[in-house]
Amino acid sequence: MGKTGTTTWIKIKGRKGQTRLVPGKYQHYKKPGPNQRYTSYGKRRRIKRSPKSILGVKQ
């Protein structure tokens, strides 16, 4: 089990302009939905996130 509070949260700008927090390990790629999660040969898919959408670390 991990320690409490070790996750660094990153602010992400969404498509409609809203901001939300994602864990730091997801700042460079998006988690796709259930239908797009795996490639045709069974590997987990990672969709690149736009560099403009990353606003920085939560203060």
Side-chain angles (χ1 to χ4, degrees):
M1 292 176 58
K3 295 178 182 176
T4 303
T6 57
T7 303
T8 56
W9 295 94
I10 305 294
K11 280 187 174 181
I12 298 293
K13 183 172 67 172
R15 186 177 63 83
K16 295 181 180 177
Q18 77 278 22
T19 60
R20 59 192 174 92
L21 297 175
V22 295
K25 68 178 186 175
Y26 295 125
Q27 69 178 338
H28 296 296
Y29 68 93
K30 303 184 240 183
K31 284 176 63 177
N35 201 27
Q36 295 87 25
R37 190 169 292 163
Y38 296 98
T39 61
S40 60
Y41 49 91
K43 187 180 175 193
R44 293 284 299 260
R45 180 172 288 159
R46 300 172 95 183
I47 301 173
K48 281 186 73 90
R49 191 182 300 278
S50 169
K52 292 192 303 184
S53 69
I54 302 171
L55 298 178
V57 179
K58 176 188 166 195
Q59 300 296 333

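What you see is a predicted model; the values in this text were computed from it and never measured.
Atom CG of L21 is separated from atom OG1 of T7 by 11.5 Å, given to the nearest 0.5 angstrom. One distance of note links NZ of K13 with CD of Q18; it measures 10.5 Å at 0.5 Å rounding. With values rounded to the nearest 0.5 angstrom, I54 atom CD1 is found 5.0 Å from H28 atom NE2. Rounding to the nearest 0.5 Å gives a distance of 13.0 Å between CD of Q27 and CH2 of W9. Atom CD1 in I10 sits 10.0 Å away from atom CZ in R49 (nearest 0.5 Å). How far NZ of K30 is from OG of S50: 8.0 Å, rounded to the nearest 0.5 Å.
I12 and Y29 are assigned to two separate hydrophobic clusters, defined by single-linkage of ILVMFWY side chains at heavy-atom distances under 4.5 Å.
A heavy-atom distance below 4.5 Å is not found between the side chains of Y38 and R45. Counting only heavy atoms from C-beta outward, the side chains of R44 and R37 approach each other to under 4.5 Å. Within the 4.5 Å cutoff, the side chain of K11 has no heavy atoms near those of the V22 side chain.
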